[in-house]
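I have placed the structure first, in the form of structure tokens, so that the comments after it can refer back to it.
Reminder, nothing fancy here: chain letters follow the sequence lines and each chain counts from 1. Because the structure is a prediction, the values reported are computed rather than measured.
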Amino acid sequence: MRVVIAEDSVLLREGLTQLLEKNGLEVAGSCEDADDLLLKVRSYSPDVAIVDVRLPPTHNDEGLRAALEIRARHPDVGVLVLSQYVEVGLAMRLLADSAEGAGYLLKDRISDVEEFVSAVRRVADGGSAIDPTIVSTLLSRQRDDDPLAALTPREHEVLELMAEGRSNQGIADKLVLSVRAVEKYVSSIFGKLGLPSSGGDSRRVLAVLLYLRS
Amino acid sequence: MATSETLSANASVPSRSEPDRSDVRSLTSLRRGLWLFVLAAAAGAVAMTLANDGLEGLETPYGLRFLIGLAFAGSGLYAWARRPENRLGPLMTAVGCIYLLAQILSQAHASTLFTAGIWISDAWVVVFVAFLLAFPDGRINARFDLVVIGMFALMAFPLELAWLLFWTTGGSPENALAVWPNPALADNVDSAQRALVMFASVVLAITLARRWLLASPPLRRALVPILVGSVGILLSSVLLGLDKFQIEFPTARWAVLVAYIAIPLVVLGGILRSRLARSTVGDLFVELRADPSPTELREALARTLRDPSLSLAYWLPQFRSWSDLDGRPVELPAEGGDRAATMIDRKGELVAALVHDPALVGEPELLDAVSAAAGIAIENGRLHVELRARLEELRGSRSRIIEAGQKERQRLERNLHDGAQQRLIALSLELSLLEQELGPHADAGLRLAQARREIATSLGELREVARGIHPAVVSGHGLAVALEQLTARAPVPVRLTVAIEERLPEQVEVAAYYLVSESLANVTKHSGASSVSVGVSRANDQAVIEVMDDGVGGADTERGTGLRGLADRVEALGGRLRVWSPNGGGTRVRAEIPCAS
């Protein structure tokens with residue numbers, strides 16, 4: 001599994017490279033700005049690009065724009081955006097019309113090596129990784145008449161992990177349940193929220209996020 | 001711009017040199033005497049022509065030449081009385097009087113008088129040339145002009161005298177100065193005189209034509225007399241040259257006569273027209289009584305001065321600069337450009353300047369009258385503009401302070417982001433790599449995990465601090481993205497509508513963000529509202545930000561720093577913050593911030 005990294009802090013760039021290589025991923029290239037990143041994605045065709053949202057020269061939205069460009073031009077390359085602030089609006093801009101091969105995590109998450117590496121692998125495989133903070137912000141959003149109130153605490157947990165982009169297997173592992181049980185919870189949730197239970201893991205991520213956001 | 005045309009609205013301003021009263025009286029009686037002389041001389045000239053040649057004498061250009069003197073002296077005396085400060089009046093009077101005097105004397109029978117008449121017969125030309133060169137402000141400004149006048153003077157006085165020493169009439173009245181009668185020598189001097197006049201005329205015509213061509217179009221109209229004058233002089237000098245070879249052009253003589261009579265009449269017409277314009281100053285008084293706004297005042301002045309392009313500039317002493325009607329600094333036009341400026345003082349202090357068509361410089365009485373009439377209104381206008389300028393300055397400094405503050409906060413946030421936050425993350429990563437190496441069950445590993453959690457907490461706190469210092473998301477990704485997170489985290493349901501696609505100026509976005517953030521905080525703290533709506537839209541180059549809740553209302557903009565600080569921020573950007581908060585009727589905060597793109 002090949003990775004390219006765009007991160008302007010040398011410390012973090014080196015740290016990330018070390019972390020990924022120790023955990024069996026190949027870092028094909030790393031760079032500190034968006035132009036270089038696009039060049040590396042073109043030349044190395046990696047499985048996933050890890051992109052800091054704030055890149056030189058202005059440290060405004062260069063990183064996000066590069067991420068969106070990779071999503072548009074190289075749909076087979078997963079994009080994992082790292083940021084020191086998580087914003088619902090940014091997540092929605094990144095996902096736009098598909099959560100496939102897309103991730104958006106708080107930068108702090110890299111220190112939880114196992115979780116982080118699995119998120120990188122998920123995105124590289126065409127899945128999604130949405131930061132728990134975003135999901136919890138959306139879940140805790142105040143609503144006039146809240147359909148989430150109808151969910152049981154267990155269903156709530158499943159919904160949260162589902163929105164983060166985990167597969168049924170992943171949810172089952174995390175909650176120490178059988179995959180079968182998770183499937184039952186998922187269909188119950190979709191029924192209560194009135195969502196069509198369609199497609200793969202990434203599709204339901206977007207459906208759930210859009211539902212929670214509206 | 002202190003020219004001789006600098007005016008004062010108040011006649012008692014000490015800077016203005018005011019002639020002594022007794023001087024004024026003696027000048028008036030001098031002019032009366034000259035009038036008598038001019039009329040008598042003209043009548044005498046007609047009488048002599050009739051006596052010598054009968055009625056036919058008046059049908060030739062020679063017989064009508066007295067009209068030149070009459071026109072010059074009459075117009076000159078009138079101009080002199082109207083504009084005593086301008087030397088054109090006395091110059092024209094001198095042209096006419098010398099002309100008439102020479103006419104009378106040269107027809108005298110007594111040989112001394114006759115000789116005197118002959119000697120001064122060309123002296124008027126010298127004064128006339130001076131008049132042309134001094135037009136229209138009555139001053140000779142170029143040294144070269146003196147050279148031109150000198151050439152004519154050389155011909156009219158020393159050479160004429162030399163000629164008189166050799167010239168003899170051979171009859172009665174005899175030339176009283178004929179010391180060495182020598183017709184051949186006299187003829188030579190005469191030829192030299194004519195050659196000199198022709199040369200000087202060409203130089204004069206070129207000088208005047210150049211002056212006319214260099215003038216701005218409106219000024220050219222006012223300079224018509226000098227054009228006619230130079231044509232007249234050129235023509236007469238050519239005729240003079242041809243006369244030497246006994247070639248005559250009667251039509252050309254008529255043309256010269258008409259040209260010479262026309263010049264003083266054109267000048268007179270100009271003065272009369274500006275007298276007429278002065279009568280509209282009365283209308284100006286009536287208009288000004290209605291206490292006009294600065295714009296209305298400008299329009300009224302433009303109408304009265306018949307100059308639609310007229311503008312007013314106010315002198316603001318504490319800024320030491322000129323200002324337009326909106327309090328913005330302006331420059332006065334440079335001297336000799338296509339605009340002219342006339343200063344207006346009140347009580348000895350510079351108040352304003354009229355910036356106008358340079359042709360108006362030729363109508364000083366009109367400018368004087370208008371300035372005097374508009375004096376109070378202009379002073380009021382200046383106070384108005386001064387206030388605006390102060391407000392403008394205040395707004396400018398306030399927005400600079402806020403901008404500087406924001407830049408500083410942005411810098412701090414960047415430092416936190418690039419420094420402490422990155423290092424903590426790197427440290428945490430390092431710990432977790434160590435942890436991995438130690439294996440899952442090592443005691444040290446558990447402690448490392450604990451340390452990582454501490455770092456995560458610090459990072460969370462640092463993130464909040466950084467966000468409080470400067471909302472980097474706003475600068476990086478715009479208002480819509482930033483507001484989405486803000487409203488999603490609000491403890492009451494918020495309906496967010498952002499009807500702006502494009503990015504706004506950063507200052508406006510940051511102000512809007514703080515406005516919504518502070519308003520939502522107030523909603524949570526005080527209002528007890530069950531729902532809030534946040535709207536951002538754009539209308540007429542203004543960003544409109546509105547936060548409405550259904551809470552208890554009664555918010556006070558003056559109490560507490562929250563809303564007051566927001567109002568400051570919005571006003572510093574030239575915007576306006578309004579708060580409606582009736583008791584029990586919810587609170588509505590609306591900001592309009594200009595954002596011309």
Side-chain angles (χ1 to χ4, degrees), chain A residues 7-19 21-23 52-56 58-65 82-94 106-117 133-134 136-146 212-214, chain B residues 410 413-414 416-419 421-433 435-437 440 449 452-453 455-460 462-464 466-467 471-496 498 503 506 530-532:
Chain A
E7 161 64 61
D8 68 322
S9 150
V10 191
L11 215 56
L12 282 181
R13 203 164 58 228
E14 299 297 320
L16 265 174
T17 309
Q18 204 185 341
L19 176 157
E21 285 182 338
K22 271 195 172 172
N23 285 275
D52 183 355
V53 83
R54 262 170 128 171
L55 286 180
T58 69
H59 296 89
N60 278 335
D61 62 348
E62 283 89 346
L64 182 74
R65 271 191 282 140
L82 296 182
S83 167
Q84 284 192 18
Y85 41 76
V86 285
E87 296 276 331
V88 172
L90 271 191
M92 299 324 283
R93 277 192 64 191
L94 178 70
L106 197 57
K107 220 181 235 180
D108 308 13
R109 306 290 175 214
I110 60 178
S111 70
D112 191 341
V113 177
E114 240 171 78
E115 278 284 337
F116 180 68
V117 170
T133 323
I134 291 191
S136 66
T137 302
L138 284 173
L139 280 172
S140 65
R141 229 182 93 185
Q142 299 301 309
R143 292 172 176 80
D144 287 333
D145 52 317
D146 196 353
L212 292 176
R213 185 200 195 200
S214 68
Chain B
Q410 219 159 336
E413 192 274 342
R414 263 294 287 286
L416 265 184
H417 177 274
D418 294 347
Q421 285 176 298
Q422 303 274 46
R423 277 173 193 284
L424 279 178
I425 292 171
L427 174 64
S428 179
L429 178 60
E430 185 64 32
L431 292 184
S432 93
L433 289 174
E435 202 183 325
Q436 239 184 359
E437 273 174 28
R452 272 203 303 119
R453 278 193 290 278
I455 293 175
T457 313
S458 308
L459 274 171
L462 257 185
R463 202 166 12 251
E464 286 308 309
R467 182 192 282 276
V473 195
V474 179
S475 320
H477 305 278
L479 196 53
V481 167
L483 289 183
E484 175 147 18
Q485 179 74 15
L486 199 59
T487 53
R489 297 209 314 179
V492 278
V494 180
R495 213 181 58 223
L496 173 69
V498 180
R503 296 286 305 264
E506 190 178 358
S530 63
S531 79
V532 184

Specify the closest pair of heavy atoms between B:Leu433 and A:Lys22, including all atoms of both residues, with the distance to one decimal.
CD2-CD, 4.2 Å
Taking every non-hydrogen pair under 4.5 Å, which of A:Val86, A:Ile134, A:Asp61 racks up the most with chain B?
A:Asp61
Testing the basics here: between A:Ser9 and B:Gln422, what is the closest heavy-atom pair and its distance to 0.1 Å?
CB-NE2, 3.6 Å
Please classify the contact of A:Asp8 with chain B as side chain, backbone, both or neither, using a heavy-atom distance under 4.5 Å.
side chain
Please identify, among A:His59, A:Arg54, A:Gln18, A:Arg213, the residue contributing the most non-hydrogen atom pairs under 4.5 Å to chain B.
A:Arg54
B:Val473 portion near chain A, given a 4.5 angstrom heavy-atom threshold
both
At a heavy-atom separation under 4.5 Å, does A:Ser83 approach chain B through its side chain, its backbone, both, or neither?
neither
When the 4.5 angstrom heavy-atom criterion is applied to A:Ser140 and chain B, the contacting part is neither
Chain A contact via B:Glu437 - side chain, backbone, both or neither, heavy atoms under 4.5 Å:
side chain
Nearest heavy-atom pair of A:Lys107 and B:Ile425: which atoms, and what distance?
CB-CD1, 3.7 Å
Indicate the atoms forming the closest heavy-atom contact of A:Glu87 with B:Val481, along with that distance.
OE1-O, 3.7 Å
Closest approach of A:Leu64 to B:His477 (non-hydrogen atoms, all atoms of both residues)
CD2-ND1, 3.7 Å
So does A:Glu114 have more than 12 non-hydrogen atoms from other groups sitting under 6.0 Å from CD?
no
So which residue, B:Ala488, B:Ser530, B:Ser428, ends up with the most heavy-atom pairs under 4.5 Å with chain A?
B:Ala488
Sort out for me which of A:Arg65, A:Gln84, A:Arg143, A:Arg93 touches chain B most, counting heavy-atom pairs under 4.5 Å.
A:Gln84
Which bit of B:Arg495 comes within less than 4.5 Å of chain A, counting heavy atoms only: side chain, backbone, both or neither?
neither
Sort out for me which of B:Thr487, B:Leu429, B:Leu424 touches chain A most, counting heavy-atom pairs under 4.5 Å.
B:Leu429
CG-CD distance between A:Leu19 and B:Gln436, expressed to the nearest 0.5 angstrom
7.0 Å
Closest contact, heavy atoms only, B:Ser432 versus A:Val113:
OG-CG2, 2.7 Å
Among B:Ala456, B:Ala426, B:Ala449, B:Gly460, which residue has the highest count of heavy-atom pairs closer than 4.5 Å to chain A?
B:Ala426
Check each of B:Arg463, B:Arg452, B:Gln421 against A:Asp108 using the side chain to side chain donor-acceptor pair (under 3.5 Å) test, and report the only one that passes.
B:Arg463
With sequence neighbours left out, what residues match A:Thr17 under side chain to side chain contact (heavy atoms under 4.5 Å, CB included)?
A:Ile5, A:Glu21, A:Val27
Interface check, chain B: of A:Leu11, A:Leu16, A:Ile110, A:Leu90, most non-hydrogen pairs under 4.5 Å belong to A:Leu90
In terms of heavy-atom pairs under 4.5 Å with chain A, which of B:Ala472, B:Ala490, B:Ala466 leads?
B:Ala472
